[in-house]
K.L.:
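This structure is in structure tokens; I'll ask about it shortly.
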There are 2 protein chains.
Amino acid sequence: MRKSTLEEVAAAAGVSKMTASRALRGAADVSKKTREKVLLEAERLSYVGNQLALSLSSQRTNLVAVVVPSMLNIVFPEMLAGISAGLQGSGMQAVFGISDYDMAKEREIIRDMLSWRPSAIIVTGLDQPPETVRMLQHADIPVIQLIDLDGTPVDFNVGLSHGKAGEEMAAALLAAGRRRFGYIGCGLERDLRAGKRKAGFEKVLRENGLSFQHERVDGAYSSIAHGKQLTMSMLAATRDLDCIYYSSDDMATGGAFACLELGISSPGEVLIAGFNGLDVARALPIRIATSISPRRQMGEAAATLLLSASRGNPPSEKVIAFYPEITGID
Amino acid sequence: MRKSTLEEVAAAAGVSKMTASRALRGAADVSKKTREKVLLEAERLSYVGNQLALSLSSQRTNLVAVVVPSMLNIVFPEMLAGISAGLQGSGMQAVFGISDYDMAKEREIIRDMLSWRPSAIIVTGLDQPPETVRMLQHADIPVIQLIDLDGTPVDFNVGLSHGKAGEEMAAALLAAGRRRFGYIGCGLERDLRAGKRKAGFEKVLRENGLSFQHERVDGAYSSIAHGKQLTMSMLAATRDLDCIYYSSDDMATGGAFACLELGISSPGEVLIAGFNGLDVARALPIRIATSISPRRQMGEAAATLLLSASRGNPPSEKVIAFYPEITGID
DNA sequence: GTGAAAGCGCTAACAC
DNA sequence: GTGTTAGCGCTTTCAC
């Protein structure tokens with residue numbers, strides 16, 4: 001069955017398209033009687049407005065484009081949930097795209113999304129290649145780069161410094177007396193933020209005359225199973241370690257499982273340190289150290305920011321900085 | 001800077017809108033020279049096509065609407081990743097909405113999405129209220145109900161029987177010699193599928209003259225922390241149990257953590273049984289039983305289905321059934 | 001191989 | 001309070 005149009009609703013109600021349009025949008029100056037008649041006919045005809053026509057005509061959409069690298073790492077869905085919640089009630093609608101950590105794919109997704117003329121766009125990270133940056137600049141809408149703060153934003157920037165997060169974790173672990181460090185990570189060539197954390201961590205180690213004594217890094221996607229496997233491998237090779245820093249909490253959770261299976265006392269003998277503050281890491285039977293990243297709040301902050309921007313209240317600050325809280329040490 | 005239009009590109013290239021349109025879409029009958037000129041000018045003007053105008057004019061969109069209840073339970077993002085992957089390369093674009101397990105919210109999201117005139121719509125589960133069902137029927141596009149099979153579909157149906165999954169898990173546990181069962185669940189009034197699994201499980205218990213001897217059910221959202229807490233509470237009250245069935249694997253993972261902390265031998269003394277086959281459950285230092293639900297494959301199957309439907313190849317079957325595999329028993 | 005005219009369904013702007 | 005006119009940016013259709 002063909003979808004009915006505003007014109008048909010208007011005809012059925014015996015008014016013009018314009019009056020029907022006003023009635024359906026709840027405009028003030030429509031007589032009560034007319035409004036009710038229009039709403040009744042719309043209901044009877046199962047009328048569903050056409051956003052394509054609406055947006056084309058009014059030159060604005062209620063769309064916010066969001067591009068994330070993955071759905072398989074829970075932090076991104078959590079961020080999306082934050083964005084979605086922050087947009088709640090504003091009439092804005094988030095549209096998500098997944099780039100699979102692939103810059104070329106990200107560029108194509110952004111291009112696709114821009115062709116829908118969204119009111120704003122949120123992308124992950126600050127490390128887009130020049131061509132993508134150019135597209136974003138040309139889009140002439142608020143651009144929010146989310147999660148990371150280490151770099152030069154195109155427009156708005158909401159996130160935390162991953163370099164600093166690594167530094168602070170290293171400092172906290174040193175202060176707690178740990179000295180013999182290992183590193184276990186995954187997909188650093190894709191997950192640039194994990195790389196920044198590692199670099200920050202290493203910087204502080206170096207300043208203290210130390211370095212990672214053992215490393216296991218491979219190109220696979222971050223996962224619990226992988227963290228477990230790499231930890232097993234490292235602990236089979238050496239026990240001369242009192243702390244392992246992981247690229248993220250899922251990897252660290254795998255590390256905790258490895259310790260449990262091997263019967264290695266943790267945090268006593270080896271302290272496991274991750275990043276994110278995932279639920280799973282907090283419920284673990286052994287205590288692990290982590291930096292809690294407020295990803296839901298970052299999503300909400302981004303939503304709030306772009307709502308005020310698109311309402312013409314230019315936010316005073318282009319950058320909103322968050323600070324991860326370190327837990328699980330002592 | 002205002003976005004440039006097809007008309008401007010055409011003017012710059014010295015051709016008509018129509019020719020520019022053909023060149024940009026890669027139509028066959030445009031001379032090579034003309035095409036190159038148009039592409040060059042489009043590039044120079046940073047031209048980005050306008051999908052609003054395109055879709056309004058051509059009366060079709062490349063949009064697939066998808067509504068999920070939550071982003072905080074990893075199974076839904078995994079399903080979305082499957083849909084997104086299945087759509088890859090088809091030119092179709094998935095648009096996601098989150099209902100928060102709220103039927104009224106789901107209805108409004110579906111209404112919103114339909115106003116964009118998507119080519120198909122995918123919703124979670126089969127238990128939409130009549131008004132929502134009516135909207136879906138009126139939409140006159142392929143409707144896919146995903147994940148669940150226990151009910152009457154509006155149109156297409158891809159999923160598994162959660163009732164059966166519960167039955168089969170109970171049967172398998174009984175076959176393995178377990179007799180004294182507990183149940184721990186969360187949010188069953190929202191998560192109807194968890195309720196169906198429980199009902200199936202209880203049915204088989206009843207047929208064997210058994211029942212759940214202990215239950216802990218509350219209305220919170222499913223989580224590892226919650227599963228741990230409810231398990232602690234149950235095991236503090238009784239040890240007269242040899243198996244606990246959980247509403248899902250995250251709850252079950254919490255249960256496994258509880259056993260580890262309490263030093264209860266598992267699966268020896270108490271077997272933990274969940275549902276989904278989450279990565280975390282598989283990497284756990286103790287073995288737990290679970291039904292592995294192929295959520296990514298279900299997403300991909302839905303994508304494949306609607307692609308063939310929208311290409312005019314009516315799929316022969318309206319229902320695609322998946323069967324979860326039970327692991328971790330013996 | 002290219003172009004002109006009509007129209008997709010709606011809203012903005014203005015008239016009454 | 002309601003209607004009219006014009007037009008959003010593209011594709012469809014048909015003509016050349």
Side-chain angles (χ1 to χ4, degrees), chain A residues 1-39 41-42 45-63 91 112 114-119 139-140, chain B residues 1-39 41-42 45-63 91 112 114-119 139-140:
Chain A
M1 170 205 17
R2 228 192 72 274
K3 306 244 57 158
S4 46
T5 66
L6 181 60
E7 183 141 35
E8 290 164 10
V9 173
V15 296
S16 72
K17 279 194 324 189
M18 220 29 243
T19 303
S21 169
R22 288 184 184 115
L24 288 167
R25 281 181 293 166
D29 47 359
V30 177
S31 76
K32 195 173 169 208
K33 205 175 142 191
T34 305
R35 183 199 325 283
E36 278 166 1
K37 177 71 175 152
V38 170
L39 293 178
E41 292 299 332
L45 295 169
S46 316
Y47 173 73
V48 176
N50 186 329
Q51 278 286 349
L52 299 167
L54 192 164
S55 296
L56 180 61
S57 171
S58 66
Q59 303 280 65
R60 59 195 159 67
T61 64
N62 64 347
L63 260 29
D112 268 18
L114 290 179
S115 72
W116 285 100
R117 300 294 187 268
S119 294
D140 198 31
Chain B
M1 172 205 16
R2 227 190 71 276
K3 306 242 57 156
S4 46
T5 66
L6 180 61
E7 183 141 35
E8 290 164 11
V9 173
V15 296
S16 73
K17 277 192 328 187
M18 232 12 260
T19 302
S21 170
R22 289 187 184 110
L24 288 167
R25 280 180 294 165
D29 47 358
V30 177
S31 75
K32 196 174 168 206
K33 205 175 142 190
T34 306
R35 184 201 323 284
E36 278 166 2
K37 176 72 174 153
V38 170
L39 292 178
E41 292 301 331
L45 293 169
S46 316
Y47 173 72
V48 176
N50 186 328
Q51 278 286 351
L52 298 168
L54 192 164
S55 296
L56 181 61
S57 170
S58 64
Q59 304 280 66
R60 60 195 157 68
T61 63
N62 63 347
L63 260 30
D112 269 16
L114 290 179
S115 72
W116 286 99
R117 300 292 186 269
S119 294
D140 197 33

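Heavy atoms only: backbone and side chains are in, while hydrogens, waters and symmetry mates are out. Residue numbers start from 1 in every chain, and the chains themselves are labelled A, B, ... in the order their sequence lines are given, proteins ahead of strands.
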K.L.:
Could you tell me whether the phosphate oxygens of D:dC8, OP1 or OP2, come under 4.0 Å of any side-chain nitrogen or oxygen in A:Ser55?
P.N.:
no
K.L.:
So do B:Arg117 and A:Val48 actually touch side chain to side chain, heavy atoms under 4.5 Å?
P.N.:
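They are in contact (side-chain heavy atoms under 4.5 Å apart), so the answer is yes.
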K.L.:
If you look at every strand shown and take non-hydrogen atoms under 4.0 Å, does A:Leu56 touch a base, only sugar-phosphate, or nothing?
P.N.:
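Base, at least one base atom sits under 4.0 Å.
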K.L.:
Phosphate oxygens OP1/OP2 of C:dG9: is one of them under 4.0 Å from a side-chain N or O of A:Tyr47?
P.N.:
no
K.L.:
With DNA chain C as reference, determine whether B:Met18 or B:Ala53 sits nearer its 5' end, using the nearest nucleotide of each.
P.N.:
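Its nearest nucleotide lies further toward 5', so the answer is B:Met18.
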K.L.:
With a cut-off of less than 4.0 Å, is there a side-chain N or O of A:Arg25 near OP1 or OP2 of C:dA12?
P.N.:
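Yes, because at least one side-chain N or O of A:Arg25 sits under 4.0 Å from OP1 or OP2 of C:dA12.
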K.L.:
Does C:dG1 have OP1 or OP2 under 4.0 Å away from a side-chain N or O of B:Thr34?
P.N.:
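For B:Thr34, the contact criterion (side-chain N or O under 4.0 Å from OP1 or OP2 of C:dG1) is not met.
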K.L.:
Tell me the interatomic distance from B:Arg60, atom CZ, to C:dG9, atom P, rounded to whole angstroms.
P.N.:
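Distance check: B:Arg60 CZ to C:dG9 P gives 15 Å.
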K.L.:
Distance criterion of 3.5 Å, no angle test: do you see the side chain of B:Arg35 paired donor-to-acceptor with the base of C:dG1?
P.N.:
no
K.L.:
Out of curiosity, A:Leu54 CG to A:Arg60 CZ, how far, rounded to the nearest 0.5 Å?
P.N.:
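Rounded to the nearest 0.5 Å, the CG-CZ separation comes to 7.0 Å.
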K.L.:
Specify the separation, in whole Å, of atom NZ of B:Lys3 and atom C1' of D:dC10.
P.N.:
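Rounded to the whole Å, the gap is 16 Å.
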K.L.:
Whether the side chain of A:Ser21 engages the backbone of A:Lys17 through a donor-acceptor N/O pair (distance < 3.5 Å, no angle test) should be reported.
P.N.:
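Side chain of A:Ser21 to backbone of A:Lys17, a donor-acceptor pair under 3.5 Å: no, none is there.
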K.L.:
To the nearest angstrom, how far is A:Arg117 atom CZ from D:dG9 atom C1'?
P.N.:
9 Å
